[in-house]
Amino acid sequence: MDFNEHTATEAVQNSFSETPDVRLQELLNTLTRHLHAFVREARPSVQEWEQAIEFLTAVGQTCTDTRQEFVLLSDVLGVSMLVETLNEQEGGTESTVLGPFHMVESPPRALGDTIDLVGEAEPCVVSGRVLSTDGTPLPHAEVDVWQCNEKGFYDVQQPGSQPSGNGRGLFRADAEGRFRFRTIVPSHYPIPTDGPVGRLLKATRRHPYRPAHIHFIVQAPGYMPLTTHIFVAGSPYLDSDAVFAVKQGLIVDFAESDDEEAAARNGVQAPFRHAEFDLVLSAERAA
Ligand code: BEZ
Ligand code: FE
């Protein structure tokens, strides 16, 4: 069979016919079908295809131990969010993108500790409970958090000026599933624009900003792990997140409080901000 426009897809799919892993074969066959359909429809010139390969090469070459440009590409194309949404667990807190900044392990911290190692911005208390979908508290659930500072930078982006582990903490909820930590209110920020993904945004006149948020990965034995954020109510860019990750149910009020007693109880100075919300996990399904 000659390789031509009409036989190409079948020829490539046939080449995968001996793949022992059935799921891998299905993924490769579907990828081939859609990739070939794209080429047939868009009809890139040889030069355009070379440019596409050069772009993807640059994406790979921009990756380092602390930078993941491929994740960023998947994010700005809405693919990360589509994968999250299609895998959403019913009844639990909505999930959203992992993002490229969970690259280092969060330092273990005690409940009530601060993740702000600098202490120059308005203090904030974040608290809530980890629950199952029927409202049962999940004792000792693991709550991993990471966020940028009040200027919009993660510690890994400013290794010279931010202490490592700033804005990060690995907490264990108490026996009633409660968690609580001190921090500062994060800022909205631009995703990294000094690489090929930034050039893509510029060429398409898209802004690079994300609304202010705190990241969470929550885990408890017998439950599906949850990767999500809470978004700061009123933040700029809630309606035009560069990575399409906002869900209305994840927007939380970071209320101002000048209650001296509550401040003292939480180990902060008034005035302070307080965000309170529950994180709900779905039970693992039996295999
Ligand atoms: C983040 O929130 O850390 C993030 C997510 C997607 C792209 C860039 C940053
Ligand atoms: Fe982030």
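Just so it is clear, the model here is predicted, and its values are computed rather than measured. Each ligand, and each atom within it, is numbered from 1 in the order the structure gives.
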*Which ligand 1 atoms, with their elements, are less than 4.0 angstrom from a heavy-atom of Arg210?*
1 (C), 2 (O), 4 (C), 5 (C)
*State, without any angle test, whether Asp259 and Ser257 hold a side-chain donor-acceptor pair at a distance under 3.5 Å.*
no
_Which of the ligand 1 atoms, numbered from 1, are nearer than 4.0 Å to a heavy atom of Phe101_ = 3 (O), 9 (C)
*asked:* With a 3.5 Å distance limit and no angle check, can you tell me whether Glu69 reaches the backbone of Gln61 through a side-chain donor-acceptor pair?
replied: no
*So, does Tyr154 sit close enough to ligand 1 that a heavy atom of it is under 4.0 Å from the ligand?*
yes
*Mark up the atoms of ligand 1 that fall under 4.0 Å of a heavy atom belonging to Gly99, in ascending order.*
4 (C), 5 (C), 6 (C)
*Under 3.5 Å, is there a donor-acceptor pair between the side chain of Arg205 and the main chain of Lys202?*
yes
_So if I count the atoms of ligand 1 from 1 in the order they appear, which ones are less than 4.0 Å from some heavy atom of His215?_
1 (C), 2 (O), 3 (O)
_Per-atom contacts, ligand 1 versus Ile191 - under 4.0 Å to a heavy atom_ = 7 (C), 8 (C), 9 (C)
*Looking only at distances, please establish whether an N/O atom of ligand 1 is found under 3.5 Å from an N/O atom of His213.*
yes
_Test item: side-chain donor near acceptor, Thr114 and Asp116, under 3.5 Å_ = no
*Relative to ligand 1, is Leu72 under 4.0 angstrom through side chain, backbone, both or neither, heavy atoms considered?*
side chain
_Tyr223 side, atom OH; Leu138 side, atom CG - distance, nearest 0.5 Å_ = 5.0 Å
*With distance as the sole test, does Ser106 use its side chain to make a donor-acceptor pair with the main-chain N or O of Asp144 at under 3.5 Å?*
no
*Is the backbone N or O of Val125 less than 3.5 Å from a side-chain atom of Glu276, with the two atoms forming a donor-acceptor pair by type?*
no
_Between His102 and Tyr154, is there a side-chain donor-acceptor contact under 3.5 Å, judged purely by atom types and distance?_
no
*Between Tyr189 and His213, is the gap from one ring center to the other below 6.0 Å?*
yes
*When the ring centroid of His207 is compared with that of Tyr237, is the distance short of 6.0 Å?*
yes
_Please classify the Tyr189 to ligand 1 contact at 4.0 Å (heavy-atom distances, strictly less than): side chain, backbone, both or neither._
side chain
*May I ask you to check whether Phe231 and Phe254 place their ring centres under 6.0 Å from each other?*
no
*Val243: numbered ligand 1 atoms lying under 4.0 Å from its heavy atoms*: 6 (C), 7 (C)
*Consider every N or O of Asp75 and every N or O of ligand 1, then say whether any pair is closer than 3.5 Å.*
no
What side-chain donor-acceptor pairs closer than 3.5 Å can you find for residues 72-84, not counting sequence neighbours?
from, atom 1, to, atom 2, distance (Å)
Ser74, OG, Ser80, N, 3.3
Ser74, OG, Ser80, OG, 2.5
Asp75, OD1, Ser80, OG, 2.5
Ser80, OG, Asp75, N, 3.3
Glu84, OE1, Ser95, OG, 2.9

*asked:* So if I count the atoms of ligand 1 from 1 in the order they appear, which ones are less than 4.0 Å from some heavy atom of Pro100?
replied: 4 (C), 5 (C), 6 (C), 7 (C), 8 (C), 9 (C)
*the Fe ion (ligand 2): protein N, O or S atoms that are less than 2.8 Å away, sorted by chain*: Tyr154 OH, Tyr189 OH, His213 NE2, His215 NE2
